[in-house]
**Q** 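Got a structure for you, written out below as structure tokens; questions coming shortly.
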Amino acid sequence: MTDRTALADAANLEDLRELLNPLEFMAGWNKHEPSLWKEPRTQFRPFMWHYGDAKAGLDAAGRLINAEQAERRNLFMVNPIEGNHYASLRTLVTAYQMILPGETARTHRHSPNALRLVMDVADKCYTIVDGIRIDMEPGDVLLTPGMSWHGHGNDGSRPGYWIDYLDVPLVHLLEPMFFDLWDGLQPVEQTTRDHPFVFTLASTRAQLKDAKTDDYGRKRIQLDAPSMPTTALYMQELLAGQSTRTLRSTENQIISVVSGRGTTQAGGETFQWERGDTIVLPTWNAVRHTASEDALLFCVSDLPVHEKLGFARLQAED
Ligand code: GTQ
Ligand code: FE2
């Protein structure tokens with residue numbers, strides 16, 4: 001039992017601290033470090049990974065490990081900060097994945113939401129989501145919302161490469177993780193590409209034709225994904241010679257290059273990108289993109305989380 005009289009009668013702050021310690025209280029005036037600060041200051045760094053490096057690494061992995069052993073043959077893009085071994089950003093993780101001809105990546109489901117941007121696939125690469133087979137085409141964005149069964153297969157003659165995006169780090173923070181395995185690949189009940197989980201490059205390009213540039217200088221469309229409440233998806237067009245404004249936002253963003261070349265300035269660094277490269281942009285970095293060739297950028301953002309919680313802020317710095 002606590003000696004509450006001794007506690008109540010503590011003669012000085014030093015004694016009080018000693019008495020509070022074993023009760024697992026920490027006096028606010030003894031804080032080791034501030035708990036509040038003026039504006040966002042994340043540990044996560046802006047960083048870029050090259051698709052060419054990932055492809056070479058995945059090709060090696062294709063010789064060295066099969067899809068059954070690996071569950072998924074993927075290369076996670078791990079933010080190079082101390083103590084981090086997984087996350088690309090505070091809330092999101094991204095990975096390059098490859099599947100060889102004749103392979104299947106068995107069906108599973110998990111509470112984290114996942115989606116893919118298809119990079120290089122010949123025909124007969126597919127994903128099966130809740131029994132619906134979707135054949136992959138380059139530039140597709142394919143959704144696998146939380147707890148939907150999903151597995152992949154390749155009946156073609158060439159490896160298939162794509163980029164995965166998941167909100168696993170957010171689920172790690174909040175801790176509602178659930179994960180189940182199917183025995184093998186879920187049987188196909190239906191084959192279609194006309195589904196709310198499928199966004200084709202052709203429809204993206206058609207919609208962009210009519211898109212207006214917003215007040216922040218972004219010509220982009222949103223891929224409407226109400227099944228994925230944590231993430232907002234955009235396709236942004238930037239023509240050769242154009243730059244965006246310099247923007248700061250509370251959101252954490254991942255950008256992958258669907259086509260074109262250019263540079264991104266963030267956190268005092270300049271990243272030079274080309275098709276398939278992926279850049280992570282942690283909260284509150286001033287970011288500016290410039291295209292040297294007509295470019296299409298795919299953006300995955302945790303903005304809906306910030307909006308729902310009332311934390312979203314966006315400002316132009318120029
Ligand atoms: O394809 O289901 O890159 O569950 C990471 C986790 C891909 C997938 C990843 C996954 C998947
Ligand atoms: Fe998965």
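Every number for a ligand or one of its atoms is a count from 1 in the order of the listing.
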**Q** Find the distance between OG1 (Thr263) and CE (Met48) and round it off to the nearest 0.5 Å.
**A**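 Thr263 atom OG1 to Met48 atom CE measures 10.0 Å (nearest 0.5 Å).
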**Q** Are Lys55 and Tyr161 in a cation-pi contact, defined as NZ or CZ under 6.0 Å from the six-membered ring centre and within 45° of the axis?
**A**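 Verdict for Tyr161: a cation-pi partner in Lys55.
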**Q** Atom CG of residue position Asp194 - does it have more than 12 heavy atoms of other residues, nucleotides or ligands inside 6.0 Å?
**A**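 Open.
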**Q** Which residue and non-hydrogen atom of the protein lie closest to atom 8 (C) of ligand 1, and at what distance in Å?
**A**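 For atom 8 (C) of ligand 1, the nearest protein heavy atom is Arg72 NE, 2.9 Å.
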**Q** How far is atom 6 (C) of ligand 1 from the closest protein heavy atom, and which atom is that?
**A**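 Going by distance alone, atom 6 (C) of ligand 1 is nearest to Leu166 CD2, 3.8 Å.
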**Q** Rounded to the nearest 0.5 Å, what separates atom CH2 in Trp162 from atom NE2 in His152?
**A** 5.0 Å
**Q** Of all the N, O or S atoms in His108, which one sits nearest to the Fe ion (ligand 2)?
**A**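 Nearest to the Fe ion (ligand 2) within His108's N, O and S set: NE2.
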**Q** Under 4.0 Å from any heavy atom of Ala95, which atoms of ligand 1 are there?
**A**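 Counting from 1, the qualifying ligand atoms are 3 (O).
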**Q** For ligand 1, which part of Thr144 has a heavy atom less than 4.0 Å away: the side chain, the backbone, both, or neither?
**A**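 No part of Thr144 is near ligand 1 at this cut-off.
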**Q** To check your reading of the model: name the closest protein heavy atom to atom 7 (C) of ligand 1, its residue, and the distance in Å.
**A**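 For this ligand atom, the closest protein heavy atom is Asp164 OD2, 3.3 Å.
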**Q** Around atom CD of Glu68, are there more than 12 heavy atoms from other residues, nucleotides or ligands closer than 6.0 Å?
**A** no
**Q** In this structure, would Met228 and Leu309 fall into the same cluster of hydrophobic residues linked by side-chain contacts under 4.5 Å?
**A**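 No, no single cluster joins them.
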**Q** Would you confirm whether the ring centroid of Tyr165 sits within less than 6.0 angstrom of the ring centroid of Phe298?
**A** yes
**Q** With a cutoff of 4.0 Å, is His110 in contact with ligand 1, counting heavy atoms of the residue only?
**A**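 True for this residue.
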**Q** Numbering the atoms of ligand 1 from 1, which are under 4.0 Å from a heavy atom of His152?
**A** 1 (O), 2 (O), 8 (C)
**Q** Students should be able to answer this: which protein heavy-atom is nearest to atom 9 (C) of ligand 1, and at what distance?
**A**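 Looking only at protein heavy atoms, the one closest to atom 9 (C) of ligand 1 is Asn74 ND2, 3.2 Å.
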